[in-house]
Amino acid sequence: MSEVTIIGLGEMGSALAGAMVRAGRDVTVWNRTGAKAEGLVQDGARLAASVAAAVGASPVIVICVSDYAATRRVLEGSQVVAALAGRTVVQLSTGTPQEARDTEAWIRGQGADYVDGAILAWPSQIGGAATTILASGDEAVFRRHEALLTTLAGNFTYLGAPVGLAAALFSAVLSYLAGRWIGICHGALICEAEGISVASFGGMLGDLSGILGEDARNMGRIIETGRYGNPESTLKTAGEDIGRLVQQAGEAGINAELPRFAAGLFRRAIDAGHGAEEHAALIKVLRSAA
Ligand code: NAP
């Protein structure tokens with residue numbers, strides 16, 4: 001028996017397996033495209049001949065493939081299912097909370113334990129002391145394997161028993177990142193149009209990360225408590241500033257999709273009477289069906 005099996009050796013799975021091997025763990029690996037295992041085998045991992053052999057090789061099976069549907073396709077062969085009983089499956093593919101719940105039920109149905117995880121890191125950060133991976137599911141199962149799992153991320157954070165928690169929080173973070181990535185790209189268009197270094201723009205955002213983080217904490221508190229009154233800056237002020245991005249895009253001749261979308265949402269919130277509230281009151285528009 002090895003200590004841990006890693007199934008899926010794409011960008012992320014290879015990083016997970018590499019961190020385990022570097023930490024001196026006894027690791028079995030399997031990937032649909034076997035050639036991706038070559039470097040890991042040279043470094044000391046064992047390559048299983050089949051998924052069933054990979055599952056049978058270790059008490060803990062970490063799976064990181066494209067999505068939960070791929071996880072199911074990999075694990076549902078009859079020989080694999082037979083090998084699952086008594087094992088713990090740690091799912092590190094990205095999915096939705098409902099997929100996590102369905103997968104937990106299916107894995108338990110095969111007589112195995114289950115931890116659902118969500119990786120808040122790039123592959124190059126795997127194995128780092130500050131790297132975060134979220135986990136949810138049965139606490140006793142998580143604690144039994146916690147020491148092994150922290151090899152992958154020093155900050156392997158247990159969120160609670162409802163198995164959808166990790167996927168839910170990951171989805172919420174991804175939603176934030178989606179807006180942020182589009183925002184950075186549009187900001188870069190503005191910089192390019194005005195001859196400003198985009199790298200220095202990125203660096204400036206990095207320098208502002210403390211202030212931007214405080215805005216996130218503040219918005220979270222306000223939305224949870226519903227206290228939108230007494231704002232330092234009103235939704236109306238923010239909305240009018242964002243409306244000027246549409247004007248600026250027209251003047252510079254650059255794409256205006258993001259400014260138009262954002263200005264439209266803020267305009268709806270102002271028209272609905274929320275202009276004198278905190279900008280977090282935008283959620284009142286989003287809560288109603290579009
Ligand atoms: P990737 O490089 O595209 O690798 C995908 C992996 O899934 C490969 O091992 C691939 O096998 C396997 N796979 C896909 N469909 C399969 C199937 N039907 N049967 C068997 N194997 C299948 O993707 P990745 O970057 O490693 O991402 C893997 C997961 O980690 C995703 O859910 C992703 O959201 C999550 N994640 C990634 C990052 C990141 O920065 N990369 C960050 C956070 C979370 P083959 O090699 O044979 O194609």
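We count ligands from 1, going down the list as the structure has it; atoms in each ligand are counted the same way. Below, all heavy atoms of this structure are taken into account, side chains as well, without hydrogens, waters or symmetry copies. For this chain, numbers begin at 1 and follow the sequence in order.
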Backbone, side chain, both or neither: what part of [X] comes under 4.0 angstrom of ligand 1, heavy atoms only?
X	value
Leu120	neither
Thr94	both
Glu11	both
Ala121	backbone

Gap separating the NZ atom of Lys236 from the CZ atom of Arg267, nearest 0.5 angstrom: 8.5 Å

Point-to-point distance, once rounded to the nearest 0.5 Å, from OH of Tyr114 to CG of Leu84: 12.0 Å

At less than 4.0 angstrom from any non-hydrogen atom of [X], what atoms of ligand 1 do you find?
X	result
Cys64	28 (C), 29 (C), 30 (O)
Trp122	40 (O)
Ser93	32 (O)
Gly8	9 (O)
Lys36	45 (P), 46 (O), 48 (O)
Leu9	9 (O)
Gly10	2 (O), 4 (O), 8 (C), 9 (O), 26 (O)
Val74	19 (N), 20 (C)

Report the nearest protein non-hydrogen atom to [atom]: residue, atom name, distance rounded to 0.1 Å.
atom	answer
atom 27 (O) of ligand 1	Met12 CB, 4.1 Å
atom 28 (C) of ligand 1	Val65 O, 3.5 Å
atom 43 (C) of ligand 1	Ile119 O, 3.4 Å
atom 48 (O) of ligand 1	Arg32 NH2, 2.9 Å

So, are [X] and [Y] salt-bridged, with charged N and O less than 4.0 Å apart?
X	Y	result
Arg22	Asp43	no
Arg268	Asp271	no
Glu104	Arg101	no
Arg244	Glu240	no
Glu277	Lys284	yes
Glu3	Arg46	no
Asp102	Arg72	no

Shortest reach to atom 11 (O) of ligand 1 by a heavy atom, considering only Thr33, Leu16, Asn31: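 Looking at heavy atoms only, the winner is Asn31.
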
Option set Ala35, Ala70, Ser66, Pro123, criterion heavy-atom distance to atom 41 (N) of ligand 1, minimum: Pro123

Check: His279/Asn218 side-chain N/O donor and acceptor closer than 3.5 Å: no

Side chain to side chain donor-acceptor pair (under 3.5 Å): pairs with one or both residues in residues 150-167, sequence neighbours excluded: Arg25-Thr151, Thr132-Asn155, Asn155-Thr157

